[in-house]
4 protein chains.
Amino acid sequence: MEFRIDRSSGLPAYLQLVRQVREALRLGWLGPGDRLPTVRDVVASSGVNANTVLKAYRELELSGLVEARQGSGTFVKAGLGSADPEVMAALRARLAGWVREAREAGLDTEDIDALVRSVLANGEGVAVA
Amino acid sequence: MEFRIDRSSGLPAYLQLVRQVREALRLGWLGPGDRLPTVRDVVASSGVNANTVLKAYRELELSGLVEARQGSGTFVKAGLGSADPEVMAALRARLAGWVREAREAGLDTEDIDALVRSVLANGEGVAVA
Amino acid sequence: MEFRIDRSSGLPAYLQLVRQVREALRLGWLGPGDRLPTVRDVVASSGVNANTVLKAYRELELSGLVEARQGSGTFVKAGLGSADPEVMAALRARLAGWVREAREAGLDTEDIDALVRSVLANGEGVAVA
Amino acid sequence: MEFRIDRSSGLPAYLQLVRQVREALRLGWLGPGDRLPTVRDVVASSGVNANTVLKAYRELELSGLVEARQGSGTFVKAGLGSADPEVMAALRARLAGWVREAREAGLDTEDIDALVRSVLANGEGVAVA
DNA sequence: GTGGTCTAGACCACG
DNA sequence: GTGGTCTAGACCACC
């Protein structure tokens, strides 16, 4: 697992890390027993400060998703995946098709993002946070 | 246009306002010449401080999207023009269908969000920001 | 770099700060990689409020000239590169000579300013802004 | 005399009007006895609100430069010109030559402006307000 | 100790 | 009544 920090997004770095771990769990890329990258690895690959990584891992531990084992690393305790991998793959493929069409219709990523958010916000015609 | 601020998202309130205006422009809900709600209206409807709204509006002005006219309001200057409304509507409908299926397969909103982000990030297997 | 705020000029303090940074870039006193004074330094040396400084620095950041790095300061990102320092020095010397003559002819600073502005406005006979 | 208002300069509109009248006096374009444009004319030609023009004229009257005569207009009372027109013309010509050179050396208007201001600020190496 | 966010409230410029 | 400026001060995120 590799982290990517977007300095200009306005979202605090430690929350971006937490979010990316949660997403990996959601998507089944990480599951119970897997080891997270060491703090040192994250520092090296993403450029954030070690304290920032520690804060993210601590937050994940507090929410019960991971477990730090002294001397051996941080491990995933619980999954967040809610669906069968095959179903996920099918949904993913169909979504990828939709994205391709949207792009062909001339929408750029920000357009697509806006559309997705507005649909998820439930057709109320108001985009959220 | 109505704003919604999510105090728990970690994203600064003024950035949420900026983002919502940009999304409205993307989706065609706002176009050149339209007037944004007055600062006072936003304060009344969303509960944020007036300066927070001013900061968001100023940021939009600096990026050339809107124009403040003293004494008369803040107006949209340029669109973030996406696509033909009909095409948008069709894409939206198909996306809504996909979301329905995903929900029926047991995915919750956070699952769907993670899936969308990972597809938009383009098959690289890393969710972003 | 030291800032000077003229409270009686009618120009908002934050715009004076922005302008002075831009001028320093124009004149080559600041270049890529240089660090701006910290917000606290500016507050101490110029007496303006910290938020006023932050607003100026943020405006510079939005226009792509500087970059704020949390915990370490605000740094110049791009130059507003003008000309070769030697050419600048020569032009400056000749201008200084002209100013001396103008003063000897009895013009005060406001006269000189008016004359410069009218010449820069390009023989149209109308001074601007 | 024609006024030009720059909405984006940050300087209040009424101060821009005051300044332009003062500059016209400095440069000898206006002299004692000349009539300023009527408020209505200024409104028509510059687009500002009538109250804004009135405020500017009132300010000029308070500083003793002009005089409002009920029913006939606003007239210049005192000059601000400090030098002989011929001397002014000579200085202006030499300055225009300098500006031409600066432009040929690749400086744009903002560069020139920065240089002029820094020289006027007296060689101290700090540009002012 | 760095920059950044937000609040509350006074006051100004403009229509 | 519109947007804009500035202040004072509390608190947060990050190094």
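Per chain, numbering begins at 1; letters A, B, ... match sequence-line order. Treat the numbers as computed from the prediction; the structure is a model and nothing was measured.
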Sequence-distant partners of [X], side-chain hydrogen bond (donor to acceptor under 3.5 Å, both in side chains), two or more places apart:
| X | result |
| --- | --- |
| C/D41 | C/T38 |
| D/D108 | C/R26 |
| C/Y57 | none |

Listed partners of [X] passing side-chain contact (heavy atoms from CB on, under 4.5 Å), at least two apart:
| X | answer |
| --- | --- |
| C/A50 | C/V39, C/V43 |
| C/L65 | C/R22, C/L25, C/L60, C/S63, C/L80 |
| D/I112 | C/L120, D/W98, D/V99, D/A102, D/R103, D/L107, D/V116 |

Taking all non-hydrogen atoms of both residues, which atom of [X] and which atom of [Y] are closest, and how far apart?
| X | Y | value |
| --- | --- | --- |
| D/R4 | D/Q20 | O-NE2, 2.6 Å |
| B/P32 | B/A78 | CG-C, 4.1 Å |
| A/P12 | B/G10 | CD-O, 3.7 Å |
| B/P37 | B/M1 | CG-O, 3.6 Å |
| D/D34 | D/W29 | OD2-O, 4.1 Å |

Seminar exercise, completed: Outermost contacting nts on DNA chain E, any atom under 4.0 Å from chain B heavy atoms, listed 5' then 3', are E/dT5 to E/dG15
Exercise. Does anything in residues 68-77 of chain B pair up under side chain to side chain donor-acceptor pair (under 3.5 Å), and if so which pairs, sequence neighbours excluded?
Worked result: none
For this session: Would you list the pairs meeting salt bridge (Lys or Arg N to Asp or Glu O under 4.0 Å) in which at least one residue belongs to residues 43-58 of chain A, sequence neighbours left out?
Result: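 Qualifying pairs, neighbours excluded: none.
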For this session: Enumerate the residues from residues 36-58 of chain B whose closest heavy atom to DNA chain F is under 4.0 Å, giving them by residue number; use none for an empty result.
Result: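 Output list: B/T38, B/V39, B/R40, B/N51, B/L54, B/R58.
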Exercise. So which of residues 68-78 of chain C are in contact with DNA chain E, with a heavy-atom cut-off of under 4.0 Å?
Worked result: C/A68, C/Q70, C/G71, C/G73, C/T74
Exercise. What is the nucleic acid contact for B/E61, judged by heavy atoms within less than 4.0 Å: base, sugar-phosphate only, or nothing?
Worked result: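 If one applies the 4.0 Å heavy-atom cut-off, B/E61 turns out to touch the sugar-phosphate alone, with no base involved.
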Seminar exercise, completed: Between CG of B/L11 and P of F/dA13 the distance, given in whole Å, is 13 Å
Exercise. Taking for each residue the nucleotide of DNA chain F bearing the nearest heavy atom, is the 5' side occupied by C/Y14 or by B/R35?
Worked result: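 By nearest-heavy-atom nucleotide position, the 5'-most residue is B/R35.
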Seminar exercise, completed: The dot-bracket string of DNA chain E, counting Watson-Crick and G-U wobble pairs with both distances under 3.5 Å, using [ ] for crossing pairs and | for pairs to another strand, is ||||||||||||||.
